Amino acid sequence: MRPSAGIGFKAEHCSDAVECIASGLWFEVHAENYMVEGGPRLAMLETLRSAHPVSLHGVGLSLAADADPDMRHVARLKMLVDRFEPFVVSEHLAWSAWRGVYNPGLLPFPRTRSALDRVVANVMRVQEALGRAILIENPALYMPLDGHQLAETEFLDELVRQSGCGLLIDVNNVYVSANNLGFSAQAYLESIPGAAIGEIHLAGHAADMRYGESLLIDTHDAPVCEAVWGLYEGLIDRVGPRPTLIERDDNIPLFAELRRERDRAHAVLTSAPSLECREAAHV
Amino acid sequence: MSDLAAFQDQFSEALHHSGDLTGNGDAKTLRIGLSVHRNTVYKALIDALRANYPTVERLAGDEWFKASAYAFLAENHPEEASLSAFGVTYPDFLATLPAAAELPYLPGVARLDRFWTEAHIAADADVLSPAALAGIPSDSLFDLKFRLHPSARLRWFAQPSPSIWRLNRPPSPVPAPDRLDVDWVAEGALVARPRGEVVMLMLDAASFAFLGKCLAGATLGQAATRALEIDSAADLKTRIAQFITFGAFMPIAVPGSNQREDHE
C-alpha cells in the first residue's frame, strides 16, 4: 500500500517501530541526525528502512539564507538519499545557517521578490545535486515583519512553479502562525495549490509562558489539537489523500499513543474519496 | 549587500546578543518574536551539549552544567547543521573554568564523554580477530604493527576520571553518594566502538604505554619493550590477548599482500 499516515521516528521506540504492522505506515527521520560516518544510529535506520518506507526531513539546509547552499551538507544529504531511498525528501522555507554559524532554529525573512529568486535558485541547486524534487515546508511565525511583497501562499505557489519543488504543509504551523499574526488558517489552506502537496505534518503546540494563547509556540510536545484535526480534515476533503506525519519531538509518549494519533490520520485518509473518484462522480 | 543579507546580519546579531531588529515592524512584537527564536535556538544548543556531555551534567548538576554551557556558547557556535559532534572543545573549555578547579576530575570526565561521542559516530571498520594471528610464526609477531581501530581514543588521566566516568555515565549511573567511590590514582582509558556498542577499557601505565606505541606506528616488539620498561613484571601475553578480545585493533596489514594503494 502507498504511504498513508506515518510517525516521526524516535530511537527509544525502535523495536516498536520496526515490529509495527499497519497498512500504509511509514516513518520520518531528521536527516542531520544521520550525517555520521558509521555506528549504531545508521544501523538502526537500516533496520527501520528494511521494515517501512522512510521520509527524510532536513532542518539545516538554510534555503532562505541569502547564500548558496552548503554543498558539503548537500553531499551528506545525497549520501543518505542514495543509501536509504526515502520516498520523500523535505526541507524548510527558512534560514538557519548564516556566515559560517549554524543556528538550530527556523528563522523568518521578508518575502520579497528577490528573496523568492534566492530561494528558487537554492532549491533548484539542491534538487539538481540530489537528482530529485524536494518538498518545502511552510514555517511557524512569531512576529509580523515589514517588507513582504508576497503573501506566504503566493510565495509558495511561485516557488513551486519556478523550481518544480513540492510542498510539505504543516497544518499546525498554519494554525500557530494564523493565531500569532492574526490571519485565517482556513483561508490560507484553501489557497495552497493542492497538486503541489506531497506531504502533510500534524503536530501539537503550546501557549507561551508569558503571553499565553496570544502567542503559540510550535513545540511539537503535545497531541494534535482538535482545531488542527478539523483543518486537516477540510484540507484532505479538498485535495484528496496525502502522506501525513504525526510529529512529536518532545515529551515523547509511549509508542502506542503515537500509533493512535497516526491511526486517526490514516482513517481520515482512507475515508476521503480520491480525486479520481470525486471527478468521476461529477460526470 | 542585498536587503535579505542585511536583514539576516541584523537578525543574527539580535539573536545572539541582546540587540533589536529595527526597521522591520513594531518594536515590541519584534522583540517578543525574536525572544521565541532565541529560546528555540539556545534550547537546541544546550540540548546538544547535554546529549554529548551527559556524565558532566550528572556529576556537576543541571544548574552548574547549564551555566557552563551558556559560557561555552558565548564563544563557540556550531559551524555545521549536524549537531551530533557539537562541542569538541568543551572539555578544554571546562579545564579553564575557575569553578572546575574544585572538581579536578571533571574535565577528564568531559574528555571521556567526548571520546564516547566520537567512537559512537566513527566509521564502521573491521576488528583484528584472535584467529588472524594463528598462522603467523611467533618470531615474526614482534615485527608486526598493530594499528588501533579507527574508532579508538586513548588517554592518560592525572585524575581517576575513567573510574568516575564509568560509575556515572548514563543511562545507569550509581546513586549519588557512591559517585566518587574510587581510588584516587592516575588512570588510563581506551574508548572504542569495535562492534555495535561503545566500550571502555581501563589501563594501567604499562598498558597505556603499549597502546600508545601502537598508535604511534611502532611494532609489537617496540611496544612490548616500552611496556616492560614501565613494569618489568607486566604479563604482556595476557594483556595483548585482552586488547584483542576488547577489539582494540584493526586487521593486520600483512606486508606484500593486498596492499591498498593510496589514491590522491
Side-chain angles (χ1 to χ4, degrees), chain A residues 30-43 58-62 64-67 70 72-73 76-77 95-110 112 114-115 117-119 140-147 180-181 208 210-211 214-219 250, chain B residues 1-9 11-13 15-16 21-48 51 76-86 117-125 150-151 193 195-198:
Chain A
H30 286 170
E32 284 75 15
N33 290 346
Y34 297 89
M35 292 182 181
V36 295
E37 291 185 53
R41 223 179 275 183
L42 287 172
V59 302
L61 259 182
S62 200
D66 192 26
D70 177 348
R72 221 183 31 163
H73 189 97
R76 291 163 95 181
L77 182 61
W95 60 287
S96 51
W98 181 244
R99 300 208 194 275
V101 172
Y102 173 64
N103 303 300
L106 298 165
L107 307 175
F109 63 97
T112 61
S114 68
D117 290 343
R118 167 55 84 177
V119 178
L141 299 176
Y142 301 107
M143 71 269 215
L145 290 177
D146 285 351
N180 296 343
L181 270 57
D208 183 82
R210 287 155 303 163
Y211 298 100
S214 67
L215 182 64
L216 295 178
I217 316 290
D218 180 36
T219 48
D250 223 330
Chain B
M1 187 190 306
S2 74
D3 288 343
L4 181 57
F7 172 86
Q8 289 168 339
D9 277 345
F11 195 104
S12 297
E13 177 67 25
L15 190 69
H16 290 296
L21 274 183
T22 54
N24 289 100
D26 172 71
K28 185 180 174 195
T29 52
L30 286 179
R31 195 172 303 131
I32 292 169
L34 199 56
S35 75
V36 172
H37 288 294
R38 192 183 292 118
N39 290 345
T40 305
V41 166
Y42 275 85
K43 178 180 188 302
L45 291 169
I46 300 285
D47 283 350
N76 297 276
H77 291 292
E79 291 170 13
E80 54 175 35
S82 174
L83 294 177
S84 306
F86 176 54
T117 296
E118 291 180 5
H120 189 246
I121 63 177
D124 300 322
S151 70
R193 198 203 77 238
R195 302 165 192 98
E197 297 304 313
V198 177

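Lettering follows sequence order; numbering is per chain, from 1. A quick note: this is a predicted structure, and the numbers were derived from the prediction, not measured.
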Mind checking whether [X] and [Y] have side chains closer than 4.5 Å, heavy atoms only?
X: Asp3(B); Y: Ser114(A); answer: no
X: His16(B); Y: Asn103(A); answer: yes
X: Ser82(B); Y: Arg76(A); answer: yes
X: Arg210(A); Y: Ser35(B); answer: yes

Partner chain A: residue of [options] with the largest heavy-atom pair count (under 4.5 Å):
options: Leu83(B), Val41(B), Thr40(B); result: Val41(B)
options: Gly196(B), Ala119(B), Ser12(B), Ala5(B); result: Ala5(B)
options: Val198(B), Leu21(B), Asp26(B), Leu30(B); result: Leu30(B)
options: Leu34(B), Asn39(B), Leu15(B), Ile32(B); result: Ile32(B)
options: Ala123(B), Ala44(B), Ala125(B); result: Ala123(B)
options: Ala122(B), Ala85(B), Ser151(B), Ala48(B); result: Ala122(B)

Original post:
Taking all atoms of both residues into account, what is the closest heavy-atom pair of Asp250(A) and Lys43(B), and its distance?
Top reply: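 For Asp250(A) versus Lys43(B), the nearest heavy atoms are OD2-NZ, 3.3 Å.
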
Original post:
If every non-hydrogen atom of Met143(A) is compared with every non-hydrogen atom of Thr29(B), which pair is closest and at what distance?
Top reply: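 That would be CB-O, 3.5 Å.
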
Subject >> Test item: Gln8(B) side-chain N/O and Ala64(A) main-chain N/O as donor-acceptor pair under 3.5 Å >> reply: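 Answer holds: yes.
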
Subject >> Pair Trp98(A) and Phe11(B), ring centroids less than 6.0 Å apart >> reply: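 No: the rings miss the under 6.0 Å criterion.
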
Between [options], who has the most heavy-atom pairs with chain B when the cutoff is under 4.5 Å?
options: Ala67(A), Ser96(A), Pro108(A), Ala31(A); answer: Pro108(A)
options: Gly105(A), Pro104(A), Pro40(A); answer: Pro104(A)
options: Asn33(A), Leu141(A), Ile217(A), Leu107(A); answer: Leu107(A)

So which part of [X] gets closer than 4.5 Å to some heavy atom of chain B, the side chain, the backbone, both or neither?
X: Ala115(A); result: both
X: Ala65(A); result: both
X: Tyr34(A); result: neither
X: Leu42(A); result: neither

**OP:** For side-chain contact (heavy atoms from CB on, under 4.5 Å), just list the numbers for Asp66(A) and Phe7(B), CA-CA rounded to whole Å, side-chain angles, deciding distance to a tenth of an Å, and then say yes or no.
**Re:** CA-CA 10 Å; Asp66(A) 192 26; Phe7(B) 172 86; over 6 Å; no

Original post:
Is a side-chain donor-acceptor pair under 3.5 Å present for Arg41(A) with Ser84(B)?
Top reply: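 Their side chains do contain a donor-acceptor pair, which is all the 3.5 Å distance test asks for.
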
**OP:** Evaluate side-chain contact (heavy atoms from CB on, under 4.5 Å) for Asp70(A) paired with Glu80(B), printing each intermediate quantity in order.
**Re:** CA-CA 9 Å; Asp70(A) 177 348; Glu80(B) 54 175 35; 5.6 Å; no

